[in-house]
Structure formats: structure tokens, C-alpha cells
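Scroll down for the structure; my scribbles are underneath it.
Remember, it's a predicted structure, so these values are computed and weren't measured experimentally. Residues take their numbers from the sequence shown, with the count starting at 1.
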Amino acid sequence: MTEPNMEDYDKMSNHSGNWEIVADGAVYTEYENKAKFKHVSTVAQRIRVFHQEKKIDFFIDFLNWDGTHNREFRFAVPLNMEDSKIKYEVPLAIAEVGKTEMKNAPGVGHGAEPTIKSP
């Protein structure tokens, strides 16, 4: 992994917000906003707010990403909540912030020390 830098840094709030309701039903209402970024022709973000359930889903799609190496995309949502449960998808699992996240990098600190074999 390369060290992050602020070259080409951009954020959604630098772009005009054009939120639209794209789904509205008995279970949830979904809003969508799209913006153009340098390495992605369009970043589409959707927020799905459930009516009867204390749940909000966030979806981010990078449409036509140009394949630039070592490009990092981050997603942050400023929420003022007490006793919240925030979960996100990782390969083959769903992690909960502060509960099921890995404490160390994979392969480090799990009781197994790396070994180096010499010929």
C-alpha cells in the first residue's frame, strides 16, 4: 500500500448537489446524487432511508473509472448518533465498526509469527 497524498484530492461537497428521489414506496425512499471526478467519469451516490426500520443504506458507484493505480476513494458520513451500529461490507463478511473490525493487519498479531525459510 502506498502512503496517501492530497494530489488530485476532491470531494462531493465541491460539486453542486442535484439530489433526486429515484424510488419512493411503502418500505423506503431512495435519493441519488451524481458528480464528475477526474479519474471517474461519474460518482453516483444513493441514500436509502427506511420508513419503519431504523436503517439507512448508502451506495457508492464509480462509473467508468479510468484504472489509475494507487487511487484511493474514501466515504465518510457525519452522523450524530448515540448507541449506533455501523456496518460495512468486506470480502466474504460484514464488519461492524468498533466490534468486528480487524485490530491488526492480516497475518500480524494473531499469535502466528511470520517465518522465513532459507533454502
Hydrophobic clustering (ILVMFWY, side-chain heavy atoms < 4.5 Å, transitive) - are [Y] and [X] grouped together?
X: Phe58; Y: Val22; value: no
X: Val49; Y: Val27; value: no
X: Ile21; Y: Ile56; value: yes
X: Trp65; Y: Phe37; value: yes
X: Trp19; Y: Ile60; value: yes

Which atom pair, heavy atoms only, marks the closest approach of [X] to [Y]?
X: His51; Y: Ala26; result: CD2-O, 3.4 Å
X: Asn33; Y: Ser16; result: OD1-O, 4.2 Å
X: Ala44; Y: Glu32; result: CB-OE2, 4.4 Å

For Glu53, I'd like to know if atom CD has over 12 heavy atoms of other residues, nucleotides or ligands within 6.0 Å.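 Atom CD in Glu53 is packed in, count exceeds 12.
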Measuring from atom [atom1] of [X] to atom [atom2] of [Y], what distance do you get when rounded to the nearest 0.5 angstrom?
X: Thr42; Y: Asp61; atom1: OG1; atom2: CG; answer: 10.5 Å
X: Tyr31; Y: Asn18; atom1: OH; atom2: CG; answer: 16.0 Å
X: Lys34; Y: Gln45; atom1: NZ; atom2: CD; answer: 12.0 Å

So, are Asp57 and Arg46 salt-bridged, with charged N and O less than 4.0 Å apart?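 Answer for the salt bridge query: no.
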